[in-house]
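Single-structure report; data block below.
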4 protein chains.
Amino acid sequence: MKPEAPKAEVGRVIAVLEEFGLQARVISPHPRVVLGVVEEMDRRLVERVSARLEGMPGVEEVSRFESSWKLASREFHPEPTLVEVGGRLVGGEEVLVIAGPCAVESRQGFLEAARGVALAGAAALRGGAFKPRTSPYSFRGLGREGLEILAEARRLTGLPVVTEVLSASEVELVARYADVLQIGTRNMQNFSLLEAVGEVDRPVLLKRGMMATIKELLLSAEYVLARGNWQVMLCERGVRTFETSTRNTLDLSAVAVLKELTHLPVVVDPSHAAGRRELVPALARAAVAVGADALLVEVHPRPQEALSDGRQSLTLEGFQDMMRELQAVAQAVGRRVAGGRS
Amino acid sequence: MKPEAPKAEVGRVIAVLEEFGLQARVISPHPRVVLGVVEEMDRRLVERVSARLEGMPGVEEVSRFESSWKLASREFHPEPTLVEVGGRLVGGEEVLVIAGPCAVESRQGFLEAARGVALAGAAALRGGAFKPRTSPYSFRGLGREGLEILAEARRLTGLPVVTEVLSASEVELVARYADVLQIGTRNMQNFSLLEAVGEVDRPVLLKRGMMATIKELLLSAEYVLARGNWQVMLCERGVRTFETSTRNTLDLSAVAVLKELTHLPVVVDPSHAAGRRELVPALARAAVAVGADALLVEVHPRPQEALSDGRQSLTLEGFQDMMRELQAVAQAVGRRVAGGRS
Amino acid sequence: MKPEAPKAEVGRVIAVLEEFGLQARVISPHPRVVLGVVEEMDRRLVERVSARLEGMPGVEEVSRFESSWKLASREFHPEPTLVEVGGRLVGGEEVLVIAGPCAVESRQGFLEAARGVALAGAAALRGGAFKPRTSPYSFRGLGREGLEILAEARRLTGLPVVTEVLSASEVELVARYADVLQIGTRNMQNFSLLEAVGEVDRPVLLKRGMMATIKELLLSAEYVLARGNWQVMLCERGVRTFETSTRNTLDLSAVAVLKELTHLPVVVDPSHAAGRRELVPALARAAVAVGADALLVEVHPRPQEALSDGRQSLTLEGFQDMMRELQAVAQAVGRRVAGGRS
Amino acid sequence: MKPEAPKAEVGRVIAVLEEFGLQARVISPHPRVVLGVVEEMDRRLVERVSARLEGMPGVEEVSRFESSWKLASREFHPEPTLVEVGGRLVGGEEVLVIAGPCAVESRQGFLEAARGVALAGAAALRGGAFKPRTSPYSFRGLGREGLEILAEARRLTGLPVVTEVLSASEVELVARYADVLQIGTRNMQNFSLLEAVGEVDRPVLLKRGMMATIKELLLSAEYVLARGNWQVMLCERGVRTFETSTRNTLDLSAVAVLKELTHLPVVVDPSHAAGRRELVPALARAAVAVGADALLVEVHPRPQEALSDGRQSLTLEGFQDMMRELQAVAQAVGRRVAGGRS
C-alpha cells in the first residue's frame, strides 16, 4: 500500500482478497502497510487478482514471489527481523551467546552453572528440562521440576532462559516458564509441534534437522510464521556426513545462505556439531566471522559429571576464554558480543 | 525359566527383581517363560542380581546382553516376531504387499484404487488421511473423512488398512479406523508419538528416518516395545545421500543387517526411495531377494492426477506386472507372496 | 545411414562432417552404419550441419542427443553392449560371477582359491597384483609376480582373470597378463588412467567412486569410450553415507538407473559395500534381482589369514551356497548364472 | 637422541635399526636429532627394539605412536611445519592468500588477473594449466603453454605460482615451472601421483577428496612425506552432502581437527565449496577465524567470460573488499594477512 493509504483503503483490499477466497496477512504494518497472500494460485487467478488490485486506491504495487517459503523469505520481507530475547535483540548489531549445561540435572549444579556463565558474559541461559533421547533408557530430564529450576536461575541471574519443548501438549506448560522455546533437531519436521509454537507469544529457536536441507528448514519456519508467530530464530547445529572425527559436520555455509534467503536471525550451535569441547572455541569464532547472530554453547562446571553431552561441554574457564576471543572477532566484522544483563 | 516352572516360581523371581528396584518384563510367555530387565546396571549390581537368581527354583539360565536396544534385539528374543495384519502374519514364510495411493484424495478415487490393488493380489491397503508435508501450503490430507473412506475400502475389499498417524493426540482416533498405525520417516524420533503408539493394541509400521542409522531405528522401536506393544514392523524407505538421480538411496543392506540384529519383521518401501515409478519393480524384486517380509508400494489408478507423489506411483497395470515378477523371486528364496484376502 | 547405403556414401558423410571440423565416430557398423559426433555445437552449427546432411544420399535420419555423456548413452546406442570375457558375454542373458581373493598373496594360496571358485561355478577369477592402499604402510600387492600367478591360475582353471591397474604407466604390463582391466573406486576420476585403458584392446571394469554420482560414473566411462575402447563394464560397489553398520551403502537403485541411461553392462560388488561376509549372499541375491549382469565377489579359502579384506571374504563353502541361491533368483528374473568354463 | 649426541652415535642407532630390518627416518635434524620408524611392528618386536636402543649412548628417549599416519602426526613431530612459498612461510603467524582464475585461459587474461590480485595483496597466484574435468568434452587447460604463461605472470608480479599436476608422468614438467604443486580433490588417492610428488623438491598443496575422511587425507599426505618431501600443505575444499544450495559443504571443523592431529599447515578453498561468489567472503572470514594458514580463492577479471567455474570467481573489486575484511579477522585471532611481495 502507499505510505499514506488510510485504513479504509487497506480494509477494502483485504475484502477484495477475501472475495477471491484468499487470506491477507500483514507482512509489515509500517512505514507502509505490506499485505501478503501465501495461497498457491494458478497463473489465471494471479492475473485476475492482480488486475483487480492494481486499479484500487491506496495500492502502490502488486508483486509475485516464487520461493516455496514465503513468509520467511527476504523477497517478501527484505528487512531483517529482530527477535527480542530478555530485552536484547537477536539479528541486529549485537551477537548473543546463550550458554549453559545440556540438561538441568540438579538445582545446585544448574544454579552454579548459571551464575558462572552469567558472570562470563552470557546473554541468556540454556538448559533442558525435557530431553529427547535416542534410547528410552537414557536420562530424559527433570520435567516440570527442571522448569522450576530454570525460573529460579532466571531470577538469580536476570538472564532469560531457552529450553526445549518436545510435544504440542507441553507447549503451554513450557511457555509459562521459558523465554524462548527451542525445537530440537529431531523435531524440525514435527509439524503439529511447529504449529503449536506458532500460536504462542514466545520466541522460537528452531534447530535444523541433522539431515535437513536449508530449504526444508525454511519451510519448517514457515509453519510457525503461518500461525502468526514471527519471532523465529533458525539454528545450524551440524549435519550428518561420512566424517567420523566430529559428531556432525557444522555447515557454516548455511549461515551465509540463510542470510541471503531469509530475514530471520541465524544461531549456531558449535557444541553439538563438534561433539568435543576442544573444537568449540574455534568453531564459535568461525560462526561469528561468517555472520551468526547468536551462539548456543554447552557449558558445565564439571563436564566429567554431566549426565549428557559432558564431552562437548566447555568448562567455565574455557567459556570465559572463548568469550574474550569472540569479542575480538565480532569487532572485526563490525559487531559486538552482548555483555551480561541487558 | 525352566519349561515346567510353575507360575509361583516365576512370581518369586519377579519379586526378587523388584527388591533390587528392577522391573521384570515378559519377553516370551511360552513354551518357557523368558523374563527380561532393561535397566542399566553397573557390573557389581549385575553380579549380585545374577548370584541371587541363579540359585532360585525354576530358573534355567541368567544371561546378559550388550546392545543398547534390548527388547528389540535378537539376543534377547531369538525367535522372529510374527505380526498379524488382517489375518496374515508378517515375518514368516509369506511376503505381504501393502499397496495403494500416497494420500486418500477422494472417496471415488480411493475405492477404485483399493479394488484394483485387491484384485491384483495386495494383502493390505495403504493410504494417508493425515499427511506430513514439508510445506505448510501443500495438501495435508482429508483427516477424519479420509479415515472413513479407508474404513469403507476395508469393508469393500476385505483387506486391512495401513495409515499414518502424525501426533500423539490423534493416536486414539486413527487406531479406531486403522489396522496398522504407520509412523512416518519425519516422526521416527518423535518420542511422545512412539510412546503413544506403544500403548495401543495395534501393529505399528515404523519407518526409518531418512537420516537415521539402523541403530537409531532400533532404539526408536525400543520406545514402542518398552510401552508393551510388541507388534512392531521396521521399514526401510531410503536414506539421504549425495546422489540425485533417485529421490533417496534405498539401503537394502539395512534389511540384511536388521535381520541379524532384531527379531522384528522388516518392510521395504521402494516407492519413496526411488521417486520414479520406472525403478519401483526392480527395487521391489531386490527387496524380496534380500529378505524383506513385506513391501509398501504406491499405486494410483491415474498417477498423473495424484495430489502427491504421483511421479512414483505405479499404475494398476504396472502393479499387476510387478506382482507376477515378485512371486517368482519370492519362490526363488523359499517364500511366497501372499495372495488376496486371507 | 540407410541399411543399403554403400561405403562411398558413408565416406562422403564423414568427409562433410570433417569439413565442419567434426569427427565422425562409428557407433554401430551393422546392420546399418550409425555415425556419431560428440563435439559440443551451438544451435546454429547444429542447424547448418543437419541441413547439409539431410539432403545427402544414403542418410536415413539426423538426430540430436542431450545427455552430457554421449557414447555411453542409451539414446545414442539403444542396443545393450555385450562385453566378452573369456568366451562369455556380459550384458546378455547370462549372469557372470567373478570371484577370488582380494589380493594375490601367495602362489599356493591363490591357486587353491582359484580351483575352489572354479569348481563352484565362477565364470572368472579376480585377484589384485597391484593394490591401492589408503596407508603407504599397508601391503600393496606382489606386483609383476602377482600377475604371473594370475596367469598360472588362468591356465589351471581355464577361467579369465580380472585384475586392477593403478596407473597409466602400468597399463601395458597388466594388459599382457589380464583378461579384464579393473579401474578401482579411488581411480574413477584418474583421467590419464582412463584414457590409457581406452587405448588398449581389453575389456575394462570401471568401479564407481565411493563418492561419485551416477552421472560422473557415466562421464568417466565416456573417457574410455572416447578413446575407442567400447568394452566397458560399470561396477556399483557401495557409496559413502552416515551409516556405520556396513562399510559402505550398496546403491542397488544405481543398477536400475544405469540400465535406463546406458547400454553398458552393470556389475555389482557386494563384498566391499558390505564389509562383512555375513551380508554378502543376501546382497548378491538382491543384485541379481535388480538386474546386475555380473557380480564381483571376494572369496578366500581361509579368510582369517587374508592380508586384506578377510572380514568380507566368503569361504569356499559360503561361496558354493551362494551360487546355488543365485541360480534360483536368476531364473526367477529370466536369466541364468553362467556355469564353469565357457 | 640427546642434543649433544655426536654423529657417530646417531649412525650406530641407525645401524641397529637396520639390523632389525627397519628403516630410520630423520624426523627432525635439530636442535636434537629425532629418528622415526614407520614400519608396522608386533608388540614383541617393539619390546626387543626398545630394549636394545635404550641402553645405547646418545639415546634420550624411545617412544611409540599409535596413529596410522605417523610422519604427519603431531605426536611424532609436535612443532608446526612451516612451508616456504615464494619467500613466505605458511603455517606461522602470517595468513597467505593464493588467488587467481580457475584455469589459465589466455595469456592476456591471465596476466591481467595476476596483476590485479597482486595489487590487491595476494601472496601467490593460482591457475590451472592442466585441468581435471568430469567430462572428456570440457576444456582441459592449455597444458605446457599454460605453464609458460604462469611463469610469465610470476616474472611480472614477483609472486610464486601454484598449479595442479594430474599425473605422475607430468610431475617433472610442472615442477620446472611451478612453485607449488597442487594435487586435486579427484587425485587425493592417486597413490602413484602422490609418490611422484614425494620425490621432487617442491611444496605440495594436497586437496582433500570431496568425500574423504580427515584420516584418509592424512594418510595421503603420509605417502608424500614417506618419500622424503616434508613440504606438504593440506587443503579443505568442501565435502559432498545431501545439501544442494552450495556446490559442496565446506567442513571448517576439519581445520580445527587437523590442527590437533598434524603439524602440517592447513589451507581452505572457499570457492569450490561454495560454488557461488556471493558466499566466498563470508566463508573466507570464517576460515581465518577457525585457524586456516592460507586461503585458495578464485578470482577472475570478468567471471562471466570464464570457461570454467566463473560462477564462483570473485571479481577483482570483490577480492579487494574481501582482503580488507580478512585483515581485520586475522588480527582478531592474533595473525595477519601477508601483504604483496615478500
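Throughout, protein chains are lettered first and strands after them, A, B, ... in sequence-line order, and every chain is numbered starting at 1. Keep in mind the model is a prediction, meaning the values are calculated, not measured.
- Using a 4.5 Å cut-off between heavy atoms, C:Ala212 contacts chain B through its backbone alone, with no side-chain atom that close.
- Closest non-hydrogen pair, B:Arg208 versus C:Phe242, comes out as NH2-CE1, 4.3 Å.
- By a heavy-atom distance cut of under 4.5 Å, C:Thr213, C:Ile214 are the residues of residues 213-220 of chain C near chain B, going up by number.
- Using a 4.5 Å cut-off between non-hydrogen atoms, the part of residues 244-251 of chain B that approaches chain C consists of B:Ser245, B:Thr246, B:Thr249, B:Leu250, B:Asp251.
- Contact of B:Val333 with chain C is made through the side chain alone, with heavy-atom distances under 4.5 Å.
- By the 6.0 Å contact criterion, CD on C:Gln304 is enclosed, its count of non-hydrogen atoms from other residues, nucleotides or ligands being greater than 12.
- Close approach to chain B, defined as a heavy atom under 4.5 Å from one of its heavy atoms, is seen in C:Arg276, C:Glu278, C:Leu279, C:Ala282, C:Leu283, C:Arg285 of residues 274-285 of chain C, taken by number.
- Residues of residues 322-329 of chain C placed with any heavy atom under 4.5 Å of a heavy atom in chain B are listed by number as C:Ala328, C:Val329.
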